[in-house]
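What follows is one structure encoded as structure tokens, with my remarks underneath.
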Amino acid sequence: VQLQASGGGLVQAGGSLRLSCAASGGSFSSLTPGWFRQAPGKEREFVGTISRSVTYYADSVKGRFTMSRDYAQNMVYLQMNSLKPEDTAVYYCAARNGGMVMTSTNEYKYWGQGTQVTVSS
């Protein structure tokens, strides 16, 4: 499975962006996708994941970010509202086998190339 993230950009604090992740080359519908981000000098961190029954977010984005999934189009989205400068990072989409909620990067087998999100103050 190949993942391609897009939709990043420069936005002012308080603004919104929607990231997209397109999957190809395999049975994406059987995988559980997630979003991660990595700020300069920091480790890659969990943002959110969505299974068939559960959507789970990191506390830092809860209430501001929303994940959704289009099974027919093999797409995953991350709607980001009320953006803050501390949300600045490269955002990665990822996917894993199994339907459980997992927040560790080690649990995800498939990774996209990342898209830069920069939030100015």
Side-chain angles (χ1 to χ4, degrees):
V1 173
Q2 291 79 46
L3 303 176
Q4 178 80 28
S6 62
L10 173 64
V11 64
Q12 289 188 331
S16 298
L17 280 175
R18 189 176 85 150
L19 305 184
S20 300
C21 178
S24 62
S27 180
F28 185 63
S29 61
S30 66
L31 303 178
T32 297
W35 285 96
F36 290 77
R37 66 186 182 185
Q38 188 166 18
K42 295 188 177 181
E43 293 189 354
R44 194 170 298 187
E45 66 175 6
F46 171 80
V47 173
T49 184
I50 182 168
S51 69
R52 290 190 179 270
S53 58
V54 174
T55 308
Y56 183 79
Y57 303 98
D59 288 344
S60 58
V61 307
K62 201 172 296 182
R64 300 187 298 122
F65 290 11
T66 303
M67 282 187 69
S68 60
R69 183 173 187 173
D70 185 333
Y71 282 92
Q73 299 296 323
N74 285 338
M75 296 289 295
V76 178
Y77 303 98
L78 182 67
Q79 178 65 43
M80 306 185 295
N81 298 328
S82 302
L83 282 162
K84 305 175 181 181
E86 51 263 43
D87 294 319
T88 295
V90 176
Y91 283 71
Y92 297 88
C93 63
R96 59 177 298 274
N97 294 300
M100 295 179 63
V101 170
M102 294 291 181
T103 63
S104 170
T105 57
N106 295 331
E107 297 291 339
Y108 288 77
K109 179 179 181 180
Y110 307 99
W111 290 87
Q113 87 291 357
T115 184
Q116 176 71 47
V117 171
T118 302
V119 184
S120 63
S121 58

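Because only heavy atoms are used, hydrogens play no part in the values below, and waters and symmetry mates are left out as well, while side chains stay in. Note that this is a predicted model, so its numbers are computed, not measured.
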(message) Could you see if L83 belongs to whatever hydrophobic cluster contains M67? Use Ile, Leu, Val, Met, Phe, Trp, Tyr and a side-chain cutoff under 4.5 Å.
(response) yes
(message) Grouping I, L, V, M, F, W and Y whenever their side-chain heavy atoms are under 4.5 Å apart, do L78 and V101 come out in a common cluster?
(response) no
(request) Sequence neighbours left out, what pairs pass disulfide bond (SG atoms under 2.5 Å apart) with at least one residue falling in residues 20-121? (result) C21-C93
(message) Can you confirm whether V47 sits close enough to Y92 that some side-chain heavy atom of one is under 4.5 Å from a side-chain heavy atom of the other?
(response) no
(message) So, using salt bridge (charged side-chain N to carboxylate O under 4.0 Å, His left out) as the criterion, who are the partners of D59 when residues are at least two apart?
(response) K62
(request) Answer with yes or no whether the hydrophobic clustering places V76 together with M102; edges join I, L, V, M, F, W, Y residues whose side-chain heavy atoms lie under 4.5 Å apart. (result) no
(request) Please report the shortest heavy-atom distance between P85 and S121, naming the atom on each side. (result) CG-CB, 3.8 Å
(request) Linking directly or through intermediates, with side-chain heavy atoms under 4.5 Å: list the remaining ILVMFWY members grouped with M75, chain and number order. (result) Y77
(message) Per the salt bridge (charged side-chain N to carboxylate O under 4.0 Å, His left out) rule, what does the pair list look like for residues 2-12, sequence neighbours excluded?
(response) none
(request) Could you tell me which residues satisfy ring pair (Phe, Tyr, Trp, His ring centres under 6.0 Å) with Y108, sequence neighbours excluded, listed by chain and number? (result) F36
(message) Rounded at 0.5 Å granularity, tell me how far CH2 in W35 sits from CZ in F46.
(response) 13.0 Å
(message) Enumerate the salt bridge (charged side-chain N to carboxylate O under 4.0 Å, His left out) contacts for residues 91-115, please, sequence neighbours excluded, ordered by first and then second residue.
(response) none
(message) Does anything in residues 79-91 form a side-chain hydrogen bond (donor to acceptor under 3.5 Å, both in side chains)? List the pairs, not counting sequence neighbours.
(response) S16-N81, R37-D87, R37-Y91, R64-D87, Q79-N81
(message) Just so I know, are the side chains of T55 and T49 near enough to count as touching, which here means a heavy-atom distance under 4.5 Å?
(response) no
(message) Treating Y110 as the side-chain partner and F28 as the backbone partner, does any N or O pair qualify as donor plus acceptor under 3.5 Å?
(response) no
(request) For residues 10-30, pull every pair meeting salt bridge (charged side-chain N to carboxylate O under 4.0 Å, His left out), keeping only residues two or more places apart or in separate chains. (result) none
(message) Test of understanding: clusters of I, L, V, M, F, W, Y form through side-chain heavy atoms closer than 4.5 Å, transitively. Do V119 and F65 belong to the same one?
(response) yes
(request) Quick one: which residue pairs count as a disulfide bond (SG atoms under 2.5 Å apart) with a foot in residues 31-81, not counting sequence neighbours? (result) none
(request) Give the minimum heavy-atom separation between T118 and Q116, together with the two atoms involved. (result) OG1-NE2, 3.3 Å
(request) Check side-chain hydrogen bond (donor to acceptor under 3.5 Å, both in side chains) between S120 and all other residues, then give those that pass, not counting sequence neighbours. (result) none
(message) I'd like to know if the side chain of T32 and the backbone of G98 have a donor-acceptor N/O pair within less than 3.5 Å.
(response) yes
(message) Do M80 and V90 land in one hydrophobic cluster if side-chain heavy atoms of ILVMFWY residues count as linked below 4.5 Å?
(response) no
Taking distance alone, no hydrogens or angles, what donor-acceptor pairs closer than 3.5 Å link side-chain atoms of residues 2-13 to residues at least two apart or in another chain?
none

(request) Could you name each residue pair satisfying disulfide bond (SG atoms under 2.5 Å apart) that touches residues 32-70, not counting sequence neighbours? (result) none
